[in-house]
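Everything on this sheet refers to the single structure shown next.
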Protein chains: 2
Amino acid sequence: MAASNQVIDINELRQSCAGCALNALCLPAAIGGRDLARLDDIVKRRRPLARNDFLFREGDRHTSLFVVRQGAIKTSTMLPEGDTQVLGFHLPGEILGLDGVADERHRATAEALEEASVCEIPFAKLSEIAAQLPALQRQLYRIVSREFVREQQHPVMMGRKHALTRLALFLHSVSERRRNQDLEPHEFQLSMSRQDLASYLGLVIETVSRAFSRLQTQQIIDVDRRRVRILDAVALGQLANSEDTDLRAIA
Amino acid sequence: MAASNQVIDINELRQSCAGCALNALCLPAAIGGRDLARLDDIVKRRRPLARNDFLFREGDRHTSLFVVRQGAIKTSTMLPEGDTQVLGFHLPGEILGLDGVADERHRATAEALEEASVCEIPFAKLSEIAAQLPALQRQLYRIVSREFVREQQHPVMMGRKHALTRLALFLHSVSERRRNQDLEPHEFQLSMSRQDLASYLGLVIETVSRAFSRLQTQQIIDVDRRRVRILDAVALGQLANSEDTDLRAIA
DNA sequence: CGCGCCGGTTGACTTTGGTCAACTCGGCGG
DNA sequence: CCGCCGAGTTGACCAAAGTCAACCGGCGCG
């Protein structure tokens, strides 16, 4: 259907990629029209996910990379005793599914925290195409590595000794990630429950709740349930970067 | 020098790869002689590292993947206030350097904890060759993903509420990793300081020390400074997998 | 040979965060 | 409209981990 008018076709594709936040993958790689079409062919635009829908589950055989278009996805893994550890929250423009490439079996579960839409890219096909497009290949490695580095921020946060610092770090990172997507960085709605957040931060739910309250009384944030407004970004940053023992001085 | 007798040449290469633990990268990929030679060409065998030598440092421009041949390497990242967070310990057969592919700048520091030898693989060249060898390509992705999954075990460990559980988990993982390399899994010398371990586990040094002592008095391990002997692997495993509240029941 | 240092351990005390339980608030269904 | 339910908050209490300090013991150096 597209072969008749290639100009329009490419624009459509670029747009779909741009909208899909896949731009990180294809646009800067300066891929030509024909190649872009091939890439586009394998990208599945999934019907939107509802809250609590699973994108994939631990143990799923099929392996794909996913790019979050809208909404938020939580990844988690089952612990031996039956409860779960939240591994990450994925916001628009971020990818997930890199676990699972190793043995073609997902090692984590991905669940929508709110209405969400994603692009799915079957990994086998992607790597096939990438093999023939050095620019795409490089881009793919870059994205994988970036994901790897992001991943390392999690233990950095969990290594902090104080609940307040961990939460500040988290809120700061959400703010930054929103800024990168040209979204309002100082006011947003958290899509995860306190329970999810607690697991992610390595705390219990009550501690998270108290940490929110403290930030509120310090006038650093204004929080009403899941709605967060950052009142004093500087103080939040200081707190996030504070040596654990300095904590008292700031908050 | 090798062109004269290809059979010998290939065997040599395979051997060097096998010894280098790079076998994961080239051997199972069933790469032919000519291709293996190309791969071998780019692999640099570094002179051994002494204790405290740096393999790379945060911010280093040059990006390579490294495979640990012998010894142990610690990776860490600088925190804003100046102290560091230990991100991982890399034992023989494991790779590091995946951070840094993204922006061709390492995001962590890698330091030898003891005499160590590694193979260095300049990433740019590796990906070039891999692009032409689908089998190698696949293998490379697989390794990257495995590393990604390994990375996720860190927050899982740090998410545990009790120091004893975290240490048990760590010792268990060391044991497993040694088993995978056909090394004695129940008796070994830790190469990292208590300080490094504390940072890695998200604890302070005294707590780590006490946790070791407790495991010792429970007769689960026998520890003398950095020498560890696992006396009761079952109990250690139970502890590692124990629901945090069950802790009292076991230890 | 012995002194001092460094890495590690142990003890006493403090503080933070976990536990348990009561309670609030908003949404939803009967 | 009422009452229930689930998510979240708050308080009282407790226990685990952090802090501070003393101490141990092996090693290296003077």
Side-chain angles (χ1 to χ4, degrees), chain A residues 51-52 74 83 86 113-114 157-170 189-218 221-228 239 242-251, chain B residues 51-52 74 83 86 113-114 157-170 189-218 221-228 239 242-251:
Chain A
R51 201 169 126 78
N52 299 329
K74 145 186 115 174
D83 43 22
V86 171
L113 289 169
E114 54 182 275
M157 198 191 52
M158 288 182 116
R160 300 329 210 75
K161 299 266 156 19
H162 293 283
L164 216 55
T165 311
R166 293 192 204 170
L167 182 57
L169 232 16
F170 171 75
Q189 181 94 17
L190 293 175
S191 48
M192 71 290 293
S193 67
R194 295 288 193 266
Q195 181 53 64
D196 288 338
L197 200 40
S199 169
Y200 182 68
L201 298 177
L203 302 166
V204 296
I205 181 174
E206 295 95 327
T207 306
V208 172
S209 185
R210 280 186 249 270
F212 269 113
S213 300
R214 275 185 77 184
L215 288 180
Q216 167 113 277
T217 42
Q218 312 287 180
I221 64 170
D222 184 55
V223 56
D224 174 34
R225 307 192 137 257
R226 296 191 181 180
R227 181 107 229 133
V228 174
L239 204 50
S242 66
E243 185 52 46
D244 299 289
T245 42
D246 302 348
L247 208 154
R248 220 172 274 94
I250 301 170
Chain B
R51 201 168 124 79
N52 299 329
K74 145 186 115 174
D83 43 20
V86 172
L113 289 169
E114 55 182 275
M157 199 191 51
M158 289 182 116
R160 301 329 211 76
K161 300 264 157 18
H162 293 283
L164 216 55
T165 312
R166 293 192 204 171
L167 181 58
L169 232 16
F170 171 76
Q189 181 93 17
L190 293 174
S191 48
M192 71 291 294
S193 68
R194 294 287 192 266
Q195 181 54 65
D196 288 338
L197 200 39
S199 169
Y200 181 67
L201 299 177
L203 301 167
V204 297
I205 180 174
E206 294 95 328
T207 305
V208 172
S209 185
R210 280 186 248 269
F212 269 113
S213 301
R214 276 186 76 184
L215 289 179
Q216 166 112 278
T217 41
Q218 315 285 187
I221 65 169
D222 184 56
V223 56
D224 175 35
R225 308 191 136 259
R226 296 191 182 181
R227 182 108 229 133
V228 175
L239 204 50
S242 65
E243 184 54 47
D244 298 288
T245 43
D246 302 348
L247 209 155
R248 219 172 276 93
I250 302 171

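What's counted below: heavy atoms across the whole structure, side chains too, no hydrogens, waters or symmetry copies. If you're wondering where the values come from, they're calculated on a predicted model, not measured in any experiment. In what follows, chains carry the letters A, B, and so on, assigned in the order in which the sequence lines appear, proteins first and then strands, with residues in each chain numbered from 1.
Under 4.0 angstrom from either OP1 or OP2 of C/dG8 there lies no side-chain N or O belonging to B/Ser209. In this model, the phosphate group of C/dG17 is approached by a side-chain N or O of A/His162 to a distance below 4.0 Å at OP1 or OP2. For D/dT9, the OP1/OP2 oxygens have no side-chain nitrogen or oxygen of A/Ser213 closer than 4.0 Å.
Taking atom CZ of A/Phe212 as the reference point, atom P of D/dG8 lies 9 Å away to the nearest angstrom. Nucleotide D/dG11 holds its P atom 17 Å from the CD1 atom of A/Ile205, rounded to whole Å. For the pair B/Lys161 NZ and C/dT16 P, the interatomic distance rounds to 18 Å; values are reported in whole Å. Rounded to whole Å, the distance from CZ on A/Arg214 to P on D/dG11 is 14 Å. As rounded to whole Å, 12 Å separates atom P of C/dG8 from atom CG of B/Asp224. Between the CD atom of A/Glu206 and the P atom of C/dT16 there is a distance of 18 Å, rounded to whole Å. B/Arg225 places its CZ atom 10 Å from the P atom of C/dG7, with the value rounded to the nearest Å. Between B/Leu215 atom CG and C/dG8 atom C1' the separation is 16 Å, expressed in whole Å.
The line from CG of B/Leu164 to CG of B/Leu239 is 4.5 Å long, rounded to the nearest 0.5 Å.
Considering only residues two or more places apart in sequence or on other chains, B/Gln195 meets the side chain to side chain donor-acceptor pair (under 3.5 Å) condition with none of them. A search for side chain to side chain donor-acceptor pair (under 3.5 Å) contacts involving B/Arg225 returns nothing, not counting sequence neighbours. Considering only residues two or more places apart in sequence or on other chains, B/Arg51 meets the salt bridge (Lys or Arg N to Asp or Glu O under 4.0 Å) condition with none of them. With sequence neighbours excluded, the residues that form a salt bridge (Lys or Arg N to Asp or Glu O under 4.0 Å) with B/Arg227 are B/Glu187. Evaluation of the side chain to side chain donor-acceptor pair (under 3.5 Å) rule for A/Ser191 yields A/Glu114 as partners, not counting sequence neighbours.
Considering only the side chain of A/Arg210, C/dT19 comes nearest among C/dG17, D/dA21, C/dT19.
Of the residues in residues 189-202 of chain A, those lying under 4.0 Å from DNA chain C by heavy-atom distance are A/Gly202.
Residue-level contact check: A/Arg226 touches the backbone only, with heavy atoms under 4.0 Å from sugar-phosphate atoms and none from bases.
Pairs of residues two or more places apart, or lying in two chains, that qualify as salt bridge (Lys or Arg N to Asp or Glu O under 4.0 Å) and include a residue from residues 190-203 of chain A are A/Lys74-A/Asp196.
When the local axes at the two ends of the helix from C/dC1-D/dG30 to C/dG30-D/dC1 are compared, using 5 base pairs at each end, they differ in direction by 20° after rounding to 10°.
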Kindly list each side-chain donor-acceptor pair under 3.5 angstrom involving residues 202-213 of chain B, sequence neighbours excluded, with atom names and distances?
from: B/Ser213; atom 1: OG; to: B/Ser209; atom 2: O; distance (Å): 3.1

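For the residue pair B/Met157 and B/Leu201, the shortest heavy atom distance occurs at CE-CD2, 3.4 Å.
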